Amino acid sequence: MPDPTPAAVQSVHGRDCANSAHHSVLGGACLPGPRSASSRPMKPKASSEHEDQVGKAGGKITPRAEDYPQWYQDVIREAEMAEPAKVVKGCMVIKPHGYAVWEKIQRELDGRFKATGHKNAYFPLLIPQSFITKEAEHVEGFAPELAVVTHAGGEKLDEPYVIRPTSETVIGYFFSRWVDSYRDLPLLMNQWANVMRWEKRTRMFLRTTEFLWQEGHTAHANHQEAQEEVQRMLGVYGDFAEEVMAMPVIRGVKTESEKFAGALQSSCIEAMMQDGKALQAGTSHDLGQNFGKAFNVQFQTQAGNREYVWQTSWGVSTRLIGGLIMTHADDAGLVLPPRLAPIHVVIVPIFRSDDERSRVMAAAERIKAELVDIDISPPRARYRDFLEVVIDDRDMKPGAKFYDWERRGVPVRVELGPKDLEKDQVCVKMRVDSEAGKGKEFIPQAQFIATIRERLAKFQDALLAAARARLAARSVELNTWDEFLKTFAGEQSSFAWCHWDGTRETEARIKEQTRATIRCIPLPGQGPAPEPGQCIVTGKPSAQRVLIARAY
RNA sequence: CGGGACGUAGCCCAGUCUGGUAGGGCGCCUGGUUCGGAUCCAGGAGGUCGCAGGUUCAAAUCCUGCCGUCCCGACCA
């Protein structure tokens, strides 16, 4: 069971606890709390020894309506989520605040993978080039974006290594060594890793040359089991996106031309960003026996025959963070759903004199001490999760702090001043006005503490509801090509549900003329109820509508 | 990889056309004043102008190449 102490040691200065000067002062611990409560002069100087940049931001965030791509860049910079690596093309540095969100994503997903029977493992970063070429479609799909290691140890390698763009091949090789009998199946694995794809155009989080992800790889005795696994994990992704990220998604199947290179079929979840564009947020592939045959992954059946395994693979990446930003953030900066927020509550002390300062800080510490013991673990979680609370005792004007924490997306802000102490109350402001709270609320301290869980839950629900409303509002059923052209005029995008004749030619034509693509063929219950109709381009018969949108 | 924009102090940018001692704002440091939505005053630190060549008495500025960023395409599970 994790000790709740980590919640208590976090501070605005805690982002770089490696600072040696800081450690010497504090005896090796990064504990701002007691320090803050002592009778120090009003102008704290300890923070000046940190290299952190809290309070240094303050740059402009371009309004979404003015320039959406610029807004996206601005939010990432101002929230200090990440920055371009500069020295390595297309790569990024995920900064502490961004990485903390990724860690939360990891923990949530990892728990769900384990609950569905998967075990984590780790495979090599480098893959022999010959492996990649063993599956015909796979090599065709990935060859253009491979980075290759040709020299090592001062010598040219006999066979170059490819830096993994994905690990089906190397894992296929090991599966062939590990699987002998039907008793070895199913083999259910996952790895958390970095991969590299030399993309022509990169965007922070959405498509970077190197990115972090998880890739699940499983082997099964028959196709049906594999297909069930594909659906199971797509379900995990969909639930995670909606329950944890508060990001509604459409679950569906990719068309032939959009599927994973080497798969029989690819399933996906597609989310809508605030500009109406789609983001492929996760995929789950039915690999059939393609890799089983390429890497000779055979097993003996109960009847004694030798058969190739049926494999699946599924993954989500740091792209999810981009999706999170473009789902919830606003013109004031990042907005984080409580279940992924590294910090849930920030307490901003308000004071004038030294006397007020010490009284307010003491009260803030008391409130924090109560809050950090509150268990906010999700239902059935295998770990305990506690409220993360920060007291912002920086020497800045309160208003400046408000802007700062809003940019970082902290869900709840508490203002605590002398007036509040007199009335035993706190001033609460939610990051986004919703049912969880509107404007500044003045409520008794005890009530705030007693209801914080409910408040966060409501906030989480409100974000999902708002995103669902947006998805509904920008989803349209289109029946004529004229309507279609109008919907995708200029840079616009919506989720267009249209009939399609099922041919690759029509799909290509739609893309050529509008740059919109078929995002998926929806699964039952996703999108409009299936009803036959006529293809929006050719007028040929169609069994159901498909989802078409511009995509990131 | 094509088209466009760009790279000057931690951040945002002016200066480049028309070559001549590197500037501003924010942030940072010191002191004071303030503190419930981005205080104010005074003083101060910080830059081989993305990198490498070239032209020139002289290059942030002109020329060539390279690297990187952003946007639009092509490409992309």
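So that the names make sense, note that chain A is the first sequence line, chain B the second, and so on, each numbered from 1. Predicted model only: the values in this text are computed from it and were never measured. Basis for what follows: all heavy atoms, side chains included, without hydrogens, waters or symmetry-related copies.
Taking atom P in both B:G37 and B:A45, the straight-line distance is 35 Å, to the nearest Å. Comparing B:U61 with B:C51, their P atoms sit 11 Å apart, to the nearest whole Å. Rounded to whole Å, the P atom of B:G15 lies 16 Å from the corresponding atom of B:G19. Straight-line distance between the P atoms of B:U30 and B:C71: roughly 38 Å, to the nearest whole Å. When the C1' atom is compared between B:G47 and B:G27, the two are found 16 Å apart, to the nearest whole Å. Comparing B:C49 with B:G10, their P atoms are spaced 13 Å from each other, to the whole Å. The gap from the P atom of B:C26 to that of B:A42 amounts to 12 Å, rounded to the nearest Å. Of the C1' atoms belonging to B:C67 and B:A14, the separation is 25 Å, rounded to the nearest Å.
Rounded to a whole Å, the NZ atom of A:K95 is 10 Å from the C1' atom of B:G10. Note: CD (A:E491) to P (B:C71) measures 12 Å, nearest angstrom. Going from atom CG of A:L206 over to atom P of B:C75 covers 19 Å, rounded to whole Å. Between the CH2 atom of A:W405 and the C1' atom of B:G37 there is a distance of 16 Å, given to the nearest Å. We find that CG of A:D395 is positioned 13 Å from C1' of B:C29, with the value rounded to whole Å. The distance from atom CZ of A:R519 to atom C1' of B:C76 is 11 Å, rounded to the nearest whole Å. Taking atom CG of A:D275 as the reference point, atom P of B:C72 lies 10 Å away to the nearest angstrom.
Ring centroids of A:W314 and A:F113 are separated by less than 6.0 Å, placing the two rings close together. Ring centroids of A:Y173 and A:F131 are separated by less than 6.0 Å, placing the two rings close together.
One finds a salt bridge joining A:D74 and A:R77 here, because a Lys/Arg side-chain nitrogen approaches an Asp/Glu carboxylate oxygen to under 4.0 Å. Taking a cutoff of 4.0 Å between a charged side-chain nitrogen and a carboxylate oxygen, A:E256 and A:K259 qualify as a salt bridge. Salt-bridge check for A:E145 with A:K200: failed, with every basic side-chain N at 4.0 Å or more from each acidic carboxylate O.
A 3.5 Å limit on both hydrogen-bonding distances identifies B:G25 as the Watson-Crick or G-U partner of B:C11. In this structure B:A5 sits in a base pair with B:U69, meeting the Watson-Crick or G-U test at under 3.5 Å. Pair assignment for B:U39 gives none, since no Watson-Crick or G-U wobble pairing has each distance under 3.5 Å. When both distances must be under 3.5 Å, the Watson-Crick or G-U wobble mate of B:A52 is B:U64.
Counting any heavy atom pair closer than 4.0 Å across all strands shown, A:K419 reaches a base atom. Residue-level contact check: A:Q280 touches the bases, meaning some heavy atom is under 4.0 Å from a base atom. A:Y237 comes within contact range of no nucleotide atom at all, as no heavy-atom separation falls under 4.0 Å. Looking at heavy-atom distances under 4.0 Å, A:R413 makes contact with a base. Residue-level contact check: A:S266 touches neither bases nor backbone, having no heavy atom under 4.0 Å from any strand. Contact annotation for A:K254: no contact, since no heavy-atom pair falls under 4.0 Å across all strands. If you check every strand for non-hydrogen atoms under 4.0 Å, A:D420 touches a base. Across all strands shown, A:G315 has no heavy atoms under 4.0 Å from either base or sugar-phosphate atoms. Among the protein residues, A:P418 comes within range of the nucleic acid bases, having at least one heavy atom under 4.0 Å from a base atom. At a threshold of 4.0 angstrom between heavy atoms, the contacts of A:C427 include nucleobase atoms, whether or not backbone atoms are also involved.
A sub-4.0 Å separation between OP1 or OP2 of B:U39 and a side-chain N or O of A:K397 is present.
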Next on the checklist: For A:E140 and A:H138: C-alpha separation, side-chain torsions, deciding distance, then whether side chain to side chain donor-acceptor pair (under 3.5 Å) applies.
Outcome noted: CA-CA 5 Å; A:E140 192 185 332; A:H138 192 67; over 6 Å; no
Next on the checklist: Pair A:C91, A:T208 - check side chain to side chain contact (heavy atoms under 4.5 Å, CB included), show working.
Outcome noted: CA-CA 6 Å; A:C91 292; A:T208 45; 6.0 Å; no
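The base of B:G36 lies outside donor-acceptor range of the side chain of A:R352, with no N or O pair under 3.5 Å. Side-chain atoms of A:R207 stay outside donor-acceptor range of the base of B:A77, with no qualifying N/O pair under 3.5 Å.
For OH of A:Y161, the number of neighbouring non-hydrogen atoms (other residues, nucleotides, ligands) closer than 6.0 Å is 12 at most.
For residues 277-291 of chain A, every residue pair satisfying the side-chain hydrogen bond (donor to acceptor under 3.5 Å, both in side chains) rule, not counting sequence neighbours, is listed here: A:H223-A:D286, A:K254-A:Q280, A:S266-A:H285, A:T283-A:H285.
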Give every pair of a protein N or O atom and an N or O atom of nucleotides 68-70 of chain B that lie under 3.5 Å apart, one pair per line with the distance.
from	atom 1	to	atom 2	distance (Å)
B:U69	OP1	A:G90	N	2.6

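Distances from the side chain of A:E199 to the nucleotides B:C76, B:A77, B:G37 place B:C76 closest. Closest to the side chain of A:F142, from the set B:G36, B:A77, B:C1, is B:A77. Listed nucleotides B:C11, B:G36, B:A77 differ in distance to A:F211; the shortest reach to its side chain belongs to B:A77.
Between A:E145 and A:V426, the residue whose closest nucleotide on RNA chain B is further toward the 5' end is A:V426. Comparing A:E415 and A:R197 against RNA chain B, the residue whose closest nucleotide sits nearer the 5' end is A:E415.
Of the residues A:R431, A:R413, A:K429, the one that meets the side-chain hydrogen bond (donor to acceptor under 3.5 Å, both in side chains) test with A:E406 is A:R413.
Between A:Y403 and B:A38, a base-stacking contact is recorded: ring centres under 5.5 Å apart, planes less than 30° from parallel.
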